Every structure is written in structure tokens, then in C-alpha cells.
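Notes follow once the structure below has been shown.
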Amino acid sequence: MTDRVLRSLLRPSEFVRVILEGRSVPRREEADSEAKEADATLDEKAVVDQGEYDVLLAVVGHLDKVTGESGSVFIYREEDPSSSGRRTLILQHIFPIHKDFSLGISQLDPQNDTADGDVPRSPTTTLPDPGFSMELSDGKSVPFTLVTYDKEHLSTALLACRNLREASLKHSSDTEFHPWLAPYALHPSSWLSVIPPRDLRYSTQPAHHRLSSGCAGLPGDEIADFMTLRDEWLYTKAQHTVQRDPARQGLRVRVGTFNVNGKMPSQDLSAWIGGLSGDEQVQDEWKHLIPPIKEISPLSLGESGKTIPETGPATAEPPIHGSADPDLFVLAFQELDLSTEALLYSTKTTRKDAWTTAVIAALGDKGELYEKLASKQLVGMFLIVLVRKELRSNFVGARTGAVGAGIMGIMGNKGAVALRLTYRPEPTPSTPIPIAATLTFVNAHLAAFDEMLERRNGDFRDISRRLEFGPCAEYMWDSPLDPDAPSEPPMLNIYSSDLLVWMVSLPTGKDMSQIDIVMTCNQGVPTLLKFDQLKSSMRNKKAFEGFKEHTISHLPTYRFQNGILTDKLGYDMKRKPAWTDRVLHMTSPFVPVHQLSYASHPEVSMSDHKPVSADFIVEIPVVDTMDLETVANELYKSIASIDPEELTDMPVLKLDETTVDFEKVSYDRPTSKNLVLRNTGKVPAAFRFFPREIEKPITPEWLQISPLAGFLLAGEDISITFTVHVTSKSAATLNLGTAKLSTLIILHTTLGQDLFISLGGQYESTCFGNSLSVLARLPGPIRELQGEDALLPQAQARNSSRELMKLIGWLMSNDVDAVDGLFVTPGDESLIAQIRECLDTNADFPATPEGQDVDTNLVRAMATALLMFLDSLPEPVIPSHLHAHCAGITSRDAAYEMLSVFPPVSVNVWISVTAFLHLLAYQAEQRASAAETKAGDSAEEDSEDVRTAVETDSTPSRAEQLASIFAPVLLRDDIEAAAPVSLVDKRRFLLYFMQG
Amino acid sequence: MSKQLQFKLVLLGESAVGKSSLVLRFVKDQFDDYRESTIGAAFLTQTVALDDGTTVKFEIWDTAGQERYKSLAPMYYRNANCAVVVYDITQSSSLDKARNWIRELQRQADPSIIIALCGNKSDLAARRQVTQEEAQKYAEEEGLMWAETSAKSGDGVADIFTAIAKKLPTTAQPAARAGAARAGAATGRAGVDLNKQNAATSNDPCNC
Ligand SMILES: Nc1nc2c(ncn2[C@@H]2O[C@H](COP(=O)(O)OP(=O)(O)O)[C@@H](O)[C@H]2O)c(=O)[nH]1
Ligand SMILES: [Mg+2]
């Protein structure tokens with residue numbers, strides 16, 4: 001009977017050697033349990049010993065193909081059958097039988113047959129014989145003592161333990177850990193993965209970032225590099241092996257952030273909370289102001305592709321529930337309480353409770369489906385998680401954390417609160433103990449105002465460092481995946497997670513007017529990117545490095561004012577509107593996340609901020625813990641015996657080729673070639689690419705290599721990809737032939753030799769990426785240029801770039817303004833390449849057949865080519881040092897006077913481009929007034945038209961639209977500049993040349 | 001305990017003169033008739049015991065001799081304490097290449113570098129194109145050490161390395177090196193007394 005119950009608690013790979021009944025002897029030291037952390041709804045602690053109880057001691061064995069037999073003593077606590085009606089065993093202690101394991105036995109004094117006199121004899125044991133006291137110890141934690149009268153099993157148990165200990169000494173004398181024990185870890189009710197998730201700042205970055213600094217002839221810390229690459233290999237290979245094609249459970253998470261400005265809930269929050277996908281209800285009332293979001297403008301082709309990782313489309317994976325309702329609501333509030341007392345003591349819970357009630361009310365009927373999982377408050381910051389009731393049991397652990405930041409120090413009104421949730425997928429027959437996924441949510445309130453940018457970035461770094469959870473006893477187990485397993489329960493950082501979401505409020509001002517907002521939304525993120533402080537901090541790696549943010553397509557969320565002094569959109573005229581409320585995330589490569597929406601909710605108007613929501617699907621892989629540990633152990637065995645400090649053989653790597661010829665290489669056309677790197681030596685080998693000098697780039701600007709570091713077992717090989725991509729950054733010297741498309745690359749075998757690879761190709765020069773002064777000195781098409789010396793002398797230079805004139809000439813002589821989305825919809829890439837080729841070789845542009853309208857695609861491609869040409873100039877048409885001056889100009893005459901300050905080539909280009917823009921704006925005006933006359937003639941036909949008429953009011957004029965597109969290109973920001981010049985002012989400057 | 005010093009040594013010279021073979025002979029006392037030519041730079045170590053009880057540990061960089069990789073050579077001879085420039089006595093053109101290397105080292109390398117000129121393949125004396133007198137005279141003019149060796153027979157190989165070891169200063173200044181110290185190996189550090197370091201951290205991939 002007991003045997004059957006026990007069997008059901010063990011995995012099939014384990015067998016029971018012997019079972020013994022007894023009664024525990026309490027230890028005094030264990031009685032004091034730590035104070036429970038405030039506000040965590042879940043019990044965070046492993047079951048605490050509660051003194052004396054009936055126990056079942058089981059000696060459990062496990063047979064492994066490789067390591068042979070190993071064993072452990074399990075101590076189960078028997079729940080009183082009367083309360084539950086059935087016999088329940090709860091795993092209380094695990095004592096792995098290894099070299100430090102000990103089992104001490106002493107016979108009890110028959111007169112007083114309990115261990116320390118005050119434990120009565122167990123009522124279940126009625127043997128008249130004197131009992132025995134057993135003390136179990138693993139040499140590390142507190143020993144466990146029990147009293148038994150089960151003499152018969154006692155000797156069997158002793159024998160079994162002795163045998164298992166001997167077996168363990170034979171196989172792995174120095175490891176104290178049996179991986180198969182992992183699933184039974186300290187949380188008896190929750191089988192967690194044995195190692196904490198890797199730090200996202202590492203796992204989202206390639207391993208070569210973590211290597212020592214070294215260069216050709218001067219390797220860095222070779223041993224450390226070898227270990228880093230080895231561990232990286234072990235981890236990723238184990239994950240890839242078990243995750244080859246895992247089943248996934250899609251967890252729907254709706255995240256919200258709301259800076260409530262000290263207000264109490266006075267409005268229905270359903271728009272924000274409502275579980276509706278944000279996309280479906282995108283700002284209805286704003287729609288008439290914002291033209292539909294176009295694709296990313298051609299200007300962004302260079303940068304945005306790299307800096308904003310676009311979140312892919314919704315997953316095809318079925319969510320856990322048929323309905324689209326979220327499984328988890330994670331709601332962040334800031335400025336819950338602005339009162340001064342609140343800064344000193346946050347004892348009152350009224351506000352928190354009021355908002356919790358409002359949130360549940362906003363769910364309406366669906367409120368019943370959810371329950372509160374966890375929450376955490378620090379002064380004005382409050383974070384709460386609601387979960388669908390049926391998933392409640394899958395969340396097996398929750399921890400909370402909080403840090404203050406800012407002037408007030410520890411008790412500041414700024415800072416962050418965080419929740420760390422552990423989700424265990426539902427077990428399946430093939431994955432009886434699924435690995436749990438860790439989801440971490442941070443609600444941060446950072447320093448306000450522009451001037452505080454530095455401090456805000458500092459706060460971010462401070463929070464990143466100080467916000468911790470724990471101590472986390474569940475991660476005490478030694479594992480090959482975690483070579484530096486802690487000897488004490490570790491404190492875990494917020495980055496030790498599979499998914500990390502930051503909800504952040506960063507009050508600020510922004511230099512934008514209504515027209516900017518509308519235009520920015522029209523153009524998508526790229527324009528915004530250049531002005532947004534958060535994005536610029538991310539770009540400069542000062543804060544939020546490595547985080548992803550979904551494309552923003554909603555209006556700024558701050559600052560709104562009820563009543564007077566608001567503009568048409570309700571923004572406070574005295575404050576510049578800004579996107580102050582953001583949701584950013586970071587995710588492990590093994591837990592894909594899709595963001596379905598990112599929206600603000602203008603309907604909720606009680607605060608000076610608008611609430612923001614984001615919907616995610618987290619695709620949690622369902623992988624068995626044992627599978628991962630088994631694979632990891634197998635892999636570990638293949639490298640465990642390799643000590644890089646005592647290698648018997650030199651690591652040897654070979655390449656299948658040592659030269660790579662890319663043949664013909666064109667501007668902005670990436671091409672890739674692969675080489676195979678093979679470990680031909682007798683020992684595992686690590687490799688990395690080396691720069692020629694310490695801390696210098698490994699490759700020239702036009703070359704990328706992937707991977708830049710790796711690890712190969714003897715006989716293994718890997719394909720290394722070399723990609724040549726000439727962009728405006730590297731084109732200037734290549735075009736003139738001063739630099740050749742050819743380089744030598746150094747591949748270093750850690751603790752072994754360097755391999756040289758020569759790479760190169762025939763570069764086709766282009767007019768893109770050259771300075772205007774070089775273009776003006778071209779004697780003919782650039783493709784025919786014989787080196788820099790063949791340029792015309794300065795005295796004979798043209799007054800402009802012939803290529804630019806050809807482009808503008810074509811655009812002015814064709815009816816291009818009729819084409820929808822001109823300069824906004826990007827042109828076809830191959831058409832653009834064709835146009836560029838015509839410019840480089842002085843060939844004719846593709847002709848439009850006689851009598852036919854010019855092809856829309858060609859017009860778009862020409863327009864895009866013009867913008868890309870201007871954007872590729874190493875120095876913008878107006879040199880950066882003049883931007884501030886231009887921005888300060890407030891009259892047309894003063895603007896024209898600036899022309900005398902411009903470099904001569906810039907003057908002509910500026911005049912040609914603005915003349916063209918002027919023409920476009922003029923044509924648009926003509927057409928609009930013609931349409932108005934016509935509309936007036938045909939009277940009101942349907943209501944649709946009336947709306948259009950109303951809209952024209954607030955829609956920016958064609959000239960304003962064009963200026964918004966061209967100002968950032970003609971006066972391109974110096975990304976490195978400390979204080980970028982306002983786009984508004986730049987646009988005003990440009991407009992002086994486009995009007996009248 | 002006796003003194004242990006550590007020096008960086010680089011081998012230079014035209015392709016196929018026998019640089020890698022010399023290193024193999026010195027480090028492992030082996031010879032291969034058919035070796036693949038080096039496309040890169042190999043790193044090995046070997047220790048020489050001197051009569052006075054001092055031991056000198058050489059960190060040897062064997063570089064590719066081909067013309068196309070010439071631009072990478074400075075990466076390997078920078079802050080080297082000694083250079084062995086090799087020519088093949090059966091190829092007079094290889095001595096010209098050796099002269100070029102020596103000129104480059106005198107211009108670009110650390111001024112205190114010790115340069116040894118080494119005429120290899122002395123076992124093929126029958127096909128000799130470079131006379132001993134010619135090479136020796138040149139070496140004397142330039143103030144270089146000089147010797148003939150045969151990687152194949154082993155003649156003169158250990159001698160030249162020992163001679164270099166004796167000539168190296170016993171208290172040299174540590175040369176500039178990579179930011180992160182390599183555990184124990186102290187690449188590029190001249191004349192470091194290893195006994196002062198933690199002996200346990202020594203990592204010698206080829207501690208023969
Ligand atoms: N006969 C003879 N052949 C040698 C000697 N040293 C090297 N070789 C041969 O010369 C060729 C080139 O040697 P290698 O060490 O690869 O030259 P490296 O390119 O300078 O490194 C190989 O075939 C060697 O076997 C030597 O001392 N005597
Ligand atoms: Mg060689």
C-alpha cells in the first residue's frame with residue numbers, strides 16, 4: 001500500500017530500495033521562519049519544518065546508462081489521512097547519497113525511548129522493542145533526525161545506503177549531485193528547472209561579447225575564453241537538442257501601464273484593461289487626424305532595420321484557450337499617491353485597493369474568470385497580476401522586489417517594483433516534468449524632464465543592478481549547465497528570466513507641435529526615433545540596451561490637461577507632448593514572444609497621462625526537465641575531462657578555403673559566402689576572430705562575420721558566413737578607389753594557431769555615398785573614374801552633382817505628384833538599383849513608352865532614389881555645424897541670407913531641391929482648389945465627403961508634409977551630437993524656400 | 001629556487017625555408033618531410049635550461065611566410081624580445097627576403113629586439129647557393145647572431161635557441177601587452193620571473 005503511493009510519486013526511472021516508517025524529531029533552530037515578504041500573495045517559501053510529524057524514509061535508487069547506479073534518501077511527511085480522506089505524502093527532504101552523506105544510528109534509551117525526551121512514541125508504532133534514532137546528513141545542510149522502531153527495515157536501509165554510497169564514489173567521486181534528483185527539488189509542490197534562467201543581457205548577445213580583449217599576436221585570457229565558449233556551447237547545444245521541435249504553449253499576456261497622477265479611479269477602465277486587442281480599437285477619435293500608418297519611410301532603410309526589431313506577426317500557435325482573452329493581466333501604475341506622507345510611509349492600502357477594484361470592475365462579466373496572483377507596491381508604484389483561474393496552479397512561484405531611486409534615496413517616489421513569476425506548463429505524457437518558464441515584470445518610474453536625462457539613465461542602471469529577488473533556494477542544485485552553482489541560495493537579478501517586460505513611465509518634455517505629431521505618426525517610427533530620448537539612450541547604449549520596443553503608432557501619451565489651455569488634441573499647451581509611457585521587453589532565444597499590439601487609450605482621460613497597453617503571446621516551450629538534464633549531462637561528459645590548462649594535444653582547426661572571392665560587389669547589395677571550419681585535432685577547440693589591434697573592429701565596415709566565436713568538438717564542423725555589404729558608411733573611399741574591397745581576417749584558435757583568411761571582390765563604384773564636392777569634380781560617370789587623381793581640379797569643378805540634377809530633372813519633367821504616397825511609399829529595390837546603375841554609368845533612365853502614363857512604380861523608385869541619394873551624402877546638404885543657426889532663423893529674408901554661408905556646392909543643390917519641392921507643393925494646391933470647386937458644384941453627395949471636407953482643416957498642407965520628409969534629410973541630424981536641433985525649426989527653415 | 005624567465009620569439013622568413021620545421025624540431029624534436037604550409041600563425045612554447053640554472057621559456061610565434069600575409073606580420077613581431085629570421089641555404093633568393101625582414105625589424109620592431117639569422121637545410125650543403133662567408137659577413141655588419149641549422153637532422157637547432165636564451169637580458173622591462181592578462185602565460189611580457197607568479201596557473205599547451 002505505502003509502496004504503491006510512494007511509487008506514484010516517483011518517476012519511472014527511479015526504484016525504491018527500502019521504505020521505513022518513523023517520526024521526526026524537531027530541531028530548535030528551524031523554528032524561526034523568516035518574515036514573509038509583504039504583499040506577495042503566493043507563499044514563497046518551501047514548506048517549513050513544523051516540528052514533529054510522521055515520516056516515511058525511502059532509499060531511492062536510479063540507474064543511469066553512463067554513471068551507473070546512484071541513490072538518495074527521501075524523507076516524506078505523512079499528512080493526516082483524516083483531513084483529506086486519503087493518504088498523502090509530501091516530500092520534505094532529499095539527501096543525495098554521495099561521499100559526504102552520512103547516516104548515524106543510535107539505540108534509544110529503553111527507559112526513555114525518545115531522542116530528547118519530549119517526543120512521545122509514535123502511536124502508529126506499537127513495537128515493544130526499544131527504538132532507534134537516525135541522523136541523516138549530506139555534510140552541508142542541517143541534519144535530519146528521526147526515530148524509528150522498524151528494526152527490520154532499518155538494517156536493509158543501512159545496507160542499501162552503504163552500497164549506494166560506494167557506487168557513487170566509484171563513478172563521480174567529486175560531484176555531490178545526481179541530476180535525476182533535480183525534479184524533486186526543494187519545492188515539493190513545484191518542480192522547477194534546476195538552474196535559474198540565464199541572464200538575458202548575455203543570452204540575447206552573441207558569446208564573443210563576453211570574451212577577453214585580445215588581438216593578433218596578443219591573445220587575452222585564453223583559458224577564460226575557452227571556458228566561456230565551452231559553457232556557451234554546452235548551454236545552447238543542450239537547449240537546441242531538446243528544443244528541436246518542442247510543443248509550445250502560447251500564454252496570452254496583456255500588459256498595461258498607467259501613470260495616474262495621484263488621481264483615484266473615476267472612470268471606466270475597460271478600454272485599457274478590456275482584454276480587447278489594442279489594434280481593434282486604435283484611437284477611433286483620433287483616426288480622422290492621422291492618415292493611416294504607412295510603411296516605414298525610405299529614409300529609414302539604413303538605420304531602422306537594425307535598431308528597431310520588428311515584432312513578427314501573430315503566431316499560428318493555438319493559445320491555451322480558444323478565446324482571445326488574456327491569460328495574464330499585468331498592470332503597472334505610477335504616481336498612485338502624490339502626497340508627501342506617502343513618500344515617507346506607504347502604509348495605506350486604500351488607493352491600491354481602489355485601483356484593484358477598478359481593474360476588476362473593468363473586466364465586467366469576465367472578472368469572475370480571473371483571480372489575483374501577486375502584487376507589489378512601493379510608494380506610488382504598484383504592480384498587480386491577475387491570472388485566469390484555471391491557470392492559477394501552473395504558476396508555481398512568485399517573488400517580488402522593489403528599489404527606490406532618485407533624490408529621496410531608498411524611500412523615493414521614483415524607482416521600480418517587480419514581480420517574478422514561474423509558469424509551469426501542463427505536463428504531458430512525453431513531458432511529465434516540463435521546464436518552467438520565468439516571466440519577470442518591472443514597473444519603473446524614472447526621473448522626469450529633459451535635463452534629467454543623465455540621471456534617468458543612471459536610475460535605469462541602478463535599478464537594473466539593485467532590483468533582486470530571493471534568496472532562491474530552488475536554485476541550489478548543482479548542474480552541468482551552471483558550472484558556478486552557488487553554495488548559498490542565490491539572489492536573482494531581474495535579467496535572470498526567460499521574458500522580461502519593463503513598463504516604464506518617464507515624464508519628459510518634447511519639442512514637438514501638433515503638426516509634428518501628426519507627421520510623425522504618418523511617417524512611422526524613424527522620424528520619432530531621431531528625437532525620442534529613450535530611443536537615443538538605447539542607441540547610445542546608455543539605457544535599455546538590448547530591449548525591444550514595438551513600433552509606436554499611437555500619439556504621445558503625455559501631457560494632457562482637462563479644460564483650458566489645451567490644443568485641439570487635448571495636449572497641455574505649456575508642455576511638449578511626449579511618449580512617456582512605454583513597454584519594452586527582452587526575451588530568451590528559446591522563449592519566443594510576439595507582440596500583438598501597442599496602443600494608448602485616449603478614452604481614459606482622468607490623468608495627465610494616457611494609459612498604454614500591449615498584448616503579447618509568450619510561446620513557452622514544453623520541454624521535459626529530465627530530457628534537458630540528460631542531454632546536458634551527455635554533452636558535459638564529452639568535455640568534462642578537458643582541462644584547457646593541461647591539454648595533451650594542441651587544438652587544431654582547419655578551414656576548407658583560405659580565400660573568399662565575392663566577385664562583383666555592388667553598393668547596398670549584401671552578398672554572402674560560407675567557409676567550413678572543422679576541428680581536425682584530437683581535443684575540443686574554441687575559436688574567435690581577432691582584430692589586428694586591441695579593441696579595434698575585427699572587420700572593415702563593409703564586412704560582417706557570423707558567428708564571431710564558437711566551440712567545436714573533435715571532428716565537428718561549422719559553417720561561417722561572411723557578408724559583404726557596402727553602405728554609405730564605407731562607400732566614399734571605395735568609390736574613389738582609395739580603399740580596396742579586400743582584407744585579411746584573423747581566425748584565432750584558442751590555445752592554438754591563428755588562421756588567415758583573405759577576402760575581397762570587385763567593387764562597382766557608385767555616385768551614392770560621396771561628398772558633394774567629390775561629385776562636382778567627377779569628369780564623367782563615376783564608374784569610369786580612374787582613381788582619386790583623375791578628379792577634376794577644384795577650379796574646374798561643376799556647380800552641382802550631375803547625378804542629382806538628372807534625378808531632379810526627371811522628377812520635374814514627369815507628372816509625379818499624382819502618384820499616391822510619393823516619398824512615403826518606398827520604391828522597388830531592384831528598380832532603385834537600376835536607376836542607380838544609370839546614374840553611375842551615365843545611361844538613360846528606363847523609358848516610358850510613347851503615349852503612356854509614366855509607371856507609378858518607376859516614379860516611386862525615382863523618388864526613393866532621390867531621398868536615398870541625399871541621405872547617403874557623408875555630410876548632409878546643409879553641414880551639421882550650420883543647423884543650429886538655420887533653426888534660429890525666423891524670417892524669409894534671413895533664410896535667404898544664409899545661402900551666402902553655405903558651401904558653394906550646397907547652395908546649388910539646396911536651390912534645386914527646394915525649387916522642386918516648391919513645384920510639388922504648388923501643384924498640390926492647384927489640384928486641391930480645383931477639387932473644392934468641383935465638390936461645391938456637385939453639392940453634398942454623401943456624408944463621406946462632408947467628413948473629408950472637415951478633415952482638410954487639420955491635415956497639414958502638402959508643403960508642410962514635404963518639408964517634414966525632406967528637412968530631416970537635407971539637415972540630417974548628427975547622431976553623435978549632444979543636443980539635436982529641433983525638427984520643427986529645421987522644417988520652418990526649409991519652408992521659407994518652398995513658399996511663394 | 002632558480003630563476004625562470006619568459007620571452008616572446010617570432011620566426012620570420014620566406015615560405016618553405018623551414019620555419020615551422022625548425023619549431024617542430026625545437027619543441028618536439030620531430031621532423032616531417034611533408035608538412036602543410038602555414039596559413040596563419042602558430043603559437044608554441046618551449047623551455048631552455050641554461051648552465052647557471054636559469055630557465056628560459058620561449059613563447060614562439062611561427063608566422064606564414066607568404067607575401068600576401070606580410071601586412072599581418074607586425075602584429076606578431078610587435079613587442080617580441082627576439083626574432084629568428086630564416087633563409088634556405090639552397091635558395092639565394094631566400095637570403096634577400098631575409099634581408100628585407102631584418103630591415104623591417106630594425107625599423108619597426110622594439111629597438112631592443114635580438115635578431116638571429118638562421119641558414120636552414122644545412123643537410124643539403126651539396127646544393128648550397130648561399131656561402132657561409134656571405135651570410136656571416138652580412139650578419140656581422142648588421143650585428144646579428146648567425147648560425148646554420150638543419151631541421152631535418154637537428155644540427156644546430158637547439159644551439160641557436162640556447163644562444164639566444166643566453167643573450168637575452170636577465171632583467172628586461174616587461175613589454176606592453178594585451179589588456180587582460182592571460183592566466184600564467186604572460187604573453188609578451190619580457191623576462192618575467194615565473195617563480196613570482198602562481199605556478200598553478202601556468203598553462204602550457206605544449207609542455208613537452
Ligand atoms: N632537407 C631539409 N628539408 C627541410 C628542412 N627544414 C624544412 N625542410 C622541408 O622544407 C619544406 C618547408 O618546410 P616548412 O617548415 O613548412 O617551411 P616554412 O614555410 O618556412 O614554415 C618542407 O617540405 C620541409 O620538410 C631541413 O632542414 N632540411
Ligand atoms: Mg610554416
Side-chain angles (χ1 to χ4, degrees), chain A residues 210-228 642-659 680-681 683 685-687 690-696 740 742-760, chain B residues 8-12 20 23-24 27-28 36-45 59-80 83 109 175-189 198-208:
Chain A
R210 276 170 273 150
L211 300 177
S212 68
S213 64
C215 69
L218 289 177
D221 189 337
E222 295 269 88
I223 303 292
D225 292 346
F226 184 92
M227 298 305 241
T228 305
I642 308 295
D643 179 354
E645 306 210 20
E646 323 232 306
L647 288 182
T648 44
D649 289 281
M650 178 86 88
V652 185
L653 294 175
K654 284 234 161 67
L655 283 162
D656 59 343
E657 299 280 349
T658 54
T659 46
T680 55
V683 291
F687 71 89
F690 260 159
R692 294 179 183 210
E693 308 283 339
I694 295 276
E695 310 291 342
K696 289 277 158 46
K740 291 269 171 283
S742 146
T743 189
L744 288 173
I745 296 296
I746 302 146
L747 194 165
H748 175 64
T749 312
T750 307
L751 301 165
Q753 52 174 310
D754 290 359
L755 304 177
F756 298 158
I757 307 163
S758 44
L759 296 107
Chain B
K8 177 171 172 179
L9 183 148
V10 62
L11 278 116
L12 298 166
S20 304
V23 179
L24 186 67
V27 171
K28 293 202 172 159
E36 278 181 60
S37 74
T38 319
I39 299 184
F43 172 74
L44 297 103
T45 60
E59 292 191 345
I60 304 166
W61 288 91
D62 170 26
T63 62
Q66 288 97 326
E67 203 57 37
R68 66 192 309 190
Y69 303 121
K70 208 164 181 291
S71 68
L72 295 177
M75 270 93 251
Y76 297 95
Y77 67 65
R78 62 179 159 201
N79 56 55
R177 53 160 289 99
R182 187 155 78 140
T187 316
R189 221 177 278 166
N198 183 355
T201 60
S202 167
N203 81 91
D204 186 347
C206 196
N207 212 353
C208 333

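Hydrogens, waters and symmetry mates play no part in the numbers below; they use all other heavy atoms, side chains included. Source: prediction; values computed, not measured. To find a chain, count down the sequence lines: A is the first, B the second, and so on, and within it residues start at 1.
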So, do [X] and [Y] sit near enough that their side-chain heavy atoms are less than 4.5 Å apart?
X	Y	answer
B:S71	A:R692	yes
A:L218	B:M75	no
B:I39	A:L655	no

For A:F687, enumerate each residue passing the ring pair (Phe, Tyr, Trp, His ring centres under 6.0 Å) test, keeping only those at least two apart in sequence or located in another chain.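 Expected list: none.
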
Heavy-atom distance under 4.5 Å to chain A: side chain of B:T63, backbone, both or neither?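 When you check distances to chain A, no heavy atom of B:T63 falls under 4.5 Å.
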
Region of A:T750 in contact with chain B, defined by heavy-atom distances below 4.5 Å: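 Nothing of A:T750, per the 4.5 Å heavy-atom cut-off to chain B.
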
Based on non-hydrogen pairs under 4.5 Å, which of A:T749, A:D643, A:D225, A:L744 is most in contact with chain B?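 Heavy-atom pair counts peak at A:L744.
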
Without placing hydrogens or testing angles, list every side-chain donor-acceptor pair under 3.5 Å for residues 751-760 of chain A, not counting sequence neighbours.
| from | atom 1 | to | atom 2 | distance (Å) |
| --- | --- | --- | --- | --- |
| A:D754 | OD1 | A:H748 | ND1 | 2.5 |
| A:D754 | OD2 | B:Y76 | OH | 2.4 |
| A:S758 | OG | B:R68 | NH2 | 2.8 |

